[in-house]
Amino acid sequence: MKNWIDELKRVLTPKQVLTELADRHSYSFDASFGEYLPEAVVQVKNKYEVASVLKAANEFHFPVYPRGKGTCLSGGPLPVHGGVVLDLSQWPEQIKVRPEDLTVVVSPSALPANINQAAEEYGLMYAPDPSSAHVATIGGNLAENSGGPRGLKYGVTKDFVLGLEIVTPEGEITWTGGKTIKNVTGFDLTKLIVGSEGTLAVITEATLKLLPKPPAVQTMMVSFKDVRSAGEAVSKTLTSGILPSKMEFMDQACIRAVENFQPAGLPIDAEAILIIELDGHPEGIAAELEIVEKIMIDLGASETIVPGNPEEAARIWHARKQVSPAIAQIKPTKVSEDATVPRSKIPDMMESLQAIKEKYKVEIFVFGHAGDGNLHPNILCDKRDQEEMARVESAVEEIMLAAIKLGGTLSGEHGIGTLKAPFMEAAIGKVGLDMMKRMKESWDPNNILNPGKIFPGQVQRLVLRNE
């Protein structure tokens, strides 16, 4: 039998098939935990090359792991069973805005920030705004169903996908959805593929929905002396009939970390702050601002700051974006989670996080998208300290179970990948997990695409250490 790597070099070009140890190591990790060495890396630049790789994979029975820029926080592209990493980041970026249809057609390598920039030239916007928008690919965003601050008002990635061009696990090129806003022609395969983490298909093109860009925005920063009041303010605002475009949360530990890292004038004595953005017509924003300010004051806000110009607002939002790099300076290892709970349960989740912090003696910093209940508890640690990492593993497990107990879920935007697979049965039950497995087996009978993700394996527990 001929070697499958030779076959890949034949159907592509030798330069596209990387087998040197240094190249393989470069693709052995992502932004999460774990390191797995692939046997080869294939850099594809069009749908026909993707199809050729998958046809070869089915013939020679080697696994294929689709990958964008490697920014995934849950282990999505890790080649846990060797095989091939399918690098789509080298694909020429294509962004074709169709302003008359309020749509844009993009290649999987396009960056979300570039998509939004292209839309803005026509007075439009691509609403999903994950923090990695300037570095991650839209293909990765689609695979993980990425969110972002604007998800509160506008929805997440799946809400903006009209149609996909895909390559099936068996190497066939086909299309799902279409170019129209309304489409109930058969099963909604588009929504099934978005968020499936590369286990059901390789996305080679996407038609996305655009929206008119709001004519005005207004930012507000609100300080609270206790976390529970901040959580109650979120719920009260959203039940008042006002829907902000963003409602972001930072706890005191995050506030102080940012001020130590890059001072922005945040209130370091506050137990929590909310950063809120309203958008729409200026007259409407002014009326909504008065209502929101009253809600905050009635719920015990210690200070409300309304920036008087875009530059001041930009400084506040820049401070929010500095949380992750700021806390990364404190310890060498950062475990980023994104447990999501019903909005009304945010105060309860914060209390659970405090209890977990004290129980396992770990450092937890909490920030996130409070408006949709998507919190990001980040645990700071040192992966070289095996005893500490054992405590961190236990803490992460309790965080996941606490979210589920409060009616929440394992992930709001980071995905399941390898890290959260051990908790899947607790989250969706045996029957739900079995249904997902049967769908995977039907779509991918040879288990070619991204095996070892989402579904728990033999070891059904979280491991962050090198054992």
Quiz prompt | Ionic contact status for E165 with K47, cut-off 4.0 Å | solution = yes
Quiz item: Side chains of S394 and E397: do they bring a donor and an acceptor to under 3.5 Å?
Solution: no
Quiz item: Between R150 and E277, is there a salt bridge with N-O shorter than 4.0 Å?
Solution: no
Quiz prompt | Rounded distance [0.5 Å steps], CG in N46 versus OG in S107 | solution = 11.5 Å
Exercise. Begin from the C-alpha positions of E337 and H376 and carry the test side chain to side chain donor-acceptor pair (under 3.5 Å) through to its verdict.
Key: CA-CA 5 Å; E337 292 300 337; H376 293 305; over 6 Å; no
Exercise. Indicate whether any N or O donor in one side chain lies under 3.5 Å from an N or O acceptor in the other, for S411 and D338.
Key: yes
Exercise. State whether D30 and R67 are salt-bridged, where the test is any N-O pair (Lys NZ or Arg NE/NH1/NH2 against Asp/Glu carboxylate O) under 4.0 Å.
Key: no
Quiz item: Are K213 and E120 ion-paired here, with the side-chain N under 4.0 Å from a carboxylate O?
Solution: yes
Quiz item: So how far is it from N378 CG to I330 CD1, rounded to the nearest 0.5 Å?
Solution: 10.5 Å
Quiz prompt | side-chain hydrogen bond (donor to acceptor under 3.5 Å, both in side chains) pairs, two or more places apart, involving residues 184-200 | solution = T176-T190, N183-T185
Quiz item: If you draw a 6.0 Å radius around CD in E20, do more than 12 non-hydrogen atoms from other residues or ligands fall strictly inside?
Solution: no
Quiz prompt | Exceeds 12 heavy-atom contacts within 6.0 angstrom, atom NZ of K209 | solution = yes
Quiz item: Can the positive tip of K246 be found less than 6.0 Å from the middle of the six-membered ring of W317, inside 45° of the ring normal?
Solution: yes
Practice problem: If a pair satisfies ring-ring contact (aromatic ring centres under 6.0 Å, His included) and one of its residues is in residues 107-137, list it, with sequence neighbours excluded. | Solution: none
Quiz prompt | E59 with K55: basic N within carboxylate O range, under 4.0 Å | solution = no
Quiz item: Do D6 and R10 meet the salt-bridge criterion of a basic N to acidic O distance under 4.0 Å?
Solution: no
Self-check item: Within 6.0 Å of NZ in K331, more than 12 heavy atoms from elsewhere
Solution: yes
